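One structure is given below, encoded as C-alpha coordinates.
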Amino acid sequence: LLLKAIDPGRGTVTFDLIQYFHGDQATIEAAKDHQESPPPNDSYSRNINPRLRTLPVRADAAITANQVAGSNQNIPVSLARLATLTRAGSGVFWITVRHDQVTKISEQWVP
(Lines give C-alpha, C1' and ligand atoms only; values in the text may rest on other atoms or scores of the structure.)
Protein backbone atom coordinates (compact mmCIF):
# COMPACT_ATOMS: atom_id res chain seq x y z
CA LEU A 1 0.00 0.00 0.00
CA LEU A 2 0.93 3.63 -0.29
CA LEU A 3 0.69 5.71 2.86
CA LYS A 4 -1.21 8.90 2.11
CA ALA A 5 -1.52 10.41 5.58
CA ILE A 6 -0.47 9.58 9.12
CA ASP A 7 -2.17 11.26 12.06
CA PRO A 8 -0.20 10.37 15.20
CA GLY A 9 -2.53 12.46 17.36
CA ARG A 10 -5.57 10.45 16.33
CA GLY A 11 -3.51 7.27 15.86
CA THR A 12 -4.64 6.64 12.28
CA VAL A 13 -3.18 5.94 8.86
CA THR A 14 -4.78 6.72 5.53
CA PHE A 15 -3.61 4.58 2.63
CA ASP A 16 -4.16 3.62 -0.97
CA LEU A 17 -4.27 -0.15 -1.47
CA ILE A 18 -2.13 -1.29 -4.42
CA GLN A 19 -1.03 -4.56 -5.97
CA TYR A 20 2.73 -5.15 -5.63
CA PHE A 21 4.65 -7.74 -7.64
CA HIS A 22 8.28 -8.84 -7.51
CA GLY A 23 10.48 -11.05 -9.68
CA ASP A 24 8.94 -13.13 -12.45
CA GLN A 25 5.42 -12.11 -11.46
CA ALA A 26 6.39 -8.43 -11.81
CA THR A 27 7.52 -9.11 -15.38
CA ILE A 28 4.26 -10.89 -16.21
CA GLU A 29 2.02 -8.22 -14.67
CA ALA A 30 3.91 -5.30 -16.22
CA ALA A 31 3.59 -6.93 -19.65
CA LYS A 32 -0.16 -7.37 -19.10
CA ASP A 33 -0.41 -3.61 -18.51
CA HIS A 34 1.79 -2.83 -21.56
CA GLN A 35 4.49 -1.37 -19.31
CA GLU A 36 8.25 -1.86 -19.42
CA SER A 37 8.87 -5.58 -19.01
CA PRO A 38 10.91 -6.71 -17.20
CA PRO A 39 10.24 -3.70 -14.98
CA PRO A 40 13.00 -1.62 -13.37
CA ASN A 41 14.33 -3.05 -10.10
CA ASP A 42 12.42 -6.28 -10.71
CA SER A 43 9.28 -4.87 -9.07
CA TYR A 44 5.98 -3.55 -10.38
CA SER A 45 2.95 -2.03 -8.71
CA ARG A 46 -0.58 -1.55 -9.98
CA ASN A 47 -3.21 0.74 -8.52
CA ILE A 48 -6.63 -0.43 -9.69
CA ASN A 49 -8.69 1.63 -7.25
CA PRO A 50 -7.82 5.16 -6.04
CA ARG A 51 -10.12 4.88 -2.99
CA LEU A 52 -8.39 5.92 0.22
CA ARG A 53 -8.98 4.02 3.44
CA THR A 54 -8.34 5.15 7.02
CA LEU A 55 -7.79 2.78 9.92
CA PRO A 56 -6.77 3.18 13.55
CA VAL A 57 -3.30 1.99 14.51
CA ARG A 58 -3.01 0.09 17.78
CA ALA A 59 -0.77 1.77 20.34
CA ASP A 60 1.37 -1.38 20.49
CA ALA A 61 1.63 -1.83 16.70
CA ALA A 62 5.04 -2.96 15.45
CA ILE A 63 6.25 -0.32 12.96
CA THR A 64 9.45 -0.54 10.91
CA ALA A 65 10.96 1.59 8.18
CA ASN A 66 14.08 1.23 6.07
CA GLN A 67 14.60 3.45 3.02
CA VAL A 68 12.52 6.37 4.31
CA ALA A 69 14.63 6.15 7.49
CA GLY A 70 17.83 6.27 5.45
CA SER A 71 18.75 2.64 6.08
CA ASN A 72 18.96 -0.63 4.21
CA GLN A 73 17.74 -2.50 7.30
CA ASN A 74 14.39 -2.41 9.10
CA ILE A 75 14.44 0.09 11.96
CA PRO A 76 11.70 0.17 14.62
CA VAL A 77 9.96 3.56 14.67
CA SER A 78 6.96 5.09 16.36
CA LEU A 79 3.89 6.21 14.44
CA ALA A 80 4.89 9.84 15.11
CA ARG A 81 8.39 9.22 13.74
CA LEU A 82 6.99 7.47 10.67
CA ALA A 83 4.82 10.52 10.05
CA THR A 84 7.92 12.74 9.95
CA LEU A 85 9.75 10.36 7.59
CA THR A 86 7.04 9.92 4.97
CA ARG A 87 5.17 12.09 2.57
CA ALA A 88 2.12 11.09 0.55
CA GLY A 89 3.02 8.15 -1.66
CA SER A 90 6.56 7.65 -0.38
CA GLY A 91 7.54 4.02 -0.34
CA VAL A 92 5.52 0.85 -0.45
CA PHE A 93 4.36 -0.47 2.91
CA TRP A 94 2.72 -3.63 4.18
CA ILE A 95 0.18 -3.54 6.99
CA THR A 96 -1.40 -6.23 9.12
CA VAL A 97 -4.97 -5.61 10.19
CA ARG A 98 -6.79 -7.44 12.96
CA HIS A 99 -10.34 -6.54 14.03
CA ASP A 100 -10.27 -3.38 11.87
CA GLN A 101 -7.10 -2.09 13.56
CA VAL A 102 -3.57 -1.89 12.18
CA THR A 103 -1.26 -4.09 14.25
CA LYS A 104 1.84 -3.91 12.05
CA ILE A 105 3.33 -1.52 9.48
CA SER A 106 6.50 -2.39 7.59
CA GLU A 107 8.20 -0.71 4.67
CA GLN A 108 8.92 -2.85 1.60
CA TRP A 109 12.58 -2.63 0.59
CA VAL A 110 12.80 -1.67 -3.08
CA PRO A 111 16.27 -1.67 -4.67
Side-chain angles (χ1 to χ4, degrees):
L1 57 87
L2 302 175
L3 291 174
K4 294 296 189 176
I6 300 171
D7 186 337
R10 292 183 57 208
T12 62
V13 292
T14 300
F15 57 92
D16 188 356
L17 191 60
I18 64 169
Q19 295 174 327
Y20 179 81
F21 306 97
H22 187 74
D24 292 341
Q25 196 62 41
T27 299
I28 292 166
E29 298 301 325
K32 284 181 186 177
D33 291 346
H34 307 287
Q35 300 296 316
E36 184 178 349
S37 183
N41 298 320
D42 211 23
S43 63
Y44 180 69
S45 63
R46 177 187 297 133
N47 188 347
I48 59 172
N49 182 342
R51 187 181 119 209
L52 299 181
R53 298 156 173 89
T54 301
L55 287 176
V57 179
R58 286 179 49 113
D60 62 349
I63 304 171
T64 58
N66 47 61
Q67 289 174 304
V68 297
S71 178
N72 62 357
Q73 296 184 19
N74 291 330
I75 298 171
V77 295
S78 66
L79 187 63
R81 177 72 177 133
L82 186 62
T84 67
L85 295 172
T86 60
R87 60 189 187 292
S90 64
V92 173
F93 287 81
W94 296 92
I95 65 169
T96 302
V97 177
R98 300 236 191 281
H99 307 293
D100 296 325
Q101 293 185 326
V102 176
T103 60
K104 182 177 181 180
I105 302 172
S106 58
E107 183 181 8
Q108 170 68 46
W109 172 261
V110 179

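No experiment lies behind these values; they were computed from the predicted model shown. The analysis underlying the following values was restricted to heavy atoms, covering all of them including side chains, and did not include hydrogens, waters or symmetry mates.
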Taking side-chain contact (heavy atoms from CB on, under 4.5 Å) as the definition, give me every residue that meets it alongside [X], ordered by chain and number, with sequence neighbours left out.
{"X": "P40", "answer": "E36"}
{"X": "S45", "answer": "I18, Y20"}
{"X": "A80", "answer": "P8, S78"}
{"X": "D16", "answer": "L2, K4, N47, L52"}

Report the distance from atom CD of E107 to atom CG of L85, rounding to the nearest 0.5 Å. 9.0 Å
Minimum heavy-atom separation for [X] to [Y], with atom names?
{"X": "P56", "Y": "T12", "value": "CA-CG2, 4.1 Å"}
{"X": "T86", "Y": "F93", "value": "CG2-CZ, 4.0 Å"}
{"X": "L79", "Y": "G11", "value": "CD2-CA, 3.9 Å"}

Which residue in the set L82, I6, V13 passes side chain to side chain contact (heavy atoms under 4.5 Å, CB included) when paired with I63? L82
Just wondering, do Q19 and I48 contact through their side chains at under 4.5 Å, heavy atoms? yes
Do I95 and L1 come close enough that some side-chain heavy atom pair is under 4.5 Å? yes
Going by the salt bridge (charged side-chain N to carboxylate O under 4.0 Å, His left out) test, which pairs reach into residues 51-77, not counting sequence neighbours? R58-D60
Residue pairs, two or more places apart or on separate chains, that pass salt bridge (charged side-chain N to carboxylate O under 4.0 Å, His left out) and touch residues 39-49: E29-R46, D33-R46
For [X], enumerate each residue passing the side chain to side chain donor-acceptor pair (under 3.5 Å) test, keeping only those at least two apart in sequence or located in another chain.
{"X": "K104", "result": "none"}
{"X": "T103", "result": "none"}
{"X": "T14", "result": "T54"}
{"X": "W94", "result": "Q108"}

For the side chain of Q67 and the backbone of W109, is there at least one donor-acceptor N/O pair under 3.5 Å apart? no
Looking only at atom types and distance, does a side-chain atom of D7 sit under 3.5 Å from a main-chain N or O of G9, one as donor and one as acceptor? yes
Throw together a table of side-chain donor-acceptor distances under 3.5 angstrom for residues 69-77, partners on residues two or more places apart or in other chains.
{"residue": "S71", "atom": "OG", "partner": "Q73", "partner atom": "N", "Å": "2.9"}
{"residue": "S71", "atom": "OG", "partner": "Q73", "partner atom": "O", "Å": "3.2"}
{"residue": "N74", "atom": "OD1", "partner": "N66", "partner atom": "ND2", "Å": "2.8"}

In terms of heavy-atom contacts, does CG of D24 have more than 12 from other residues, nucleotides or ligands at under 6.0 Å? no
Within a reach of under 6.0 Å around CG of N49, are more than 12 heavy atoms found that belong to other residues, nucleotides or ligands? yes
Kindly indicate, with the supporting measurements, whether the criterion side-chain contact (heavy atoms from CB on, under 4.5 Å) is fulfilled by F15 and L55. CA-CA 9 Å; F15 57 92; L55 287 176; 4.0 Å; yes
Identify whether V68 and I105 are in the same connected component of the hydrophobic contact network (ILVMFWY, side-chain heavy atoms under 4.5 Å). yes
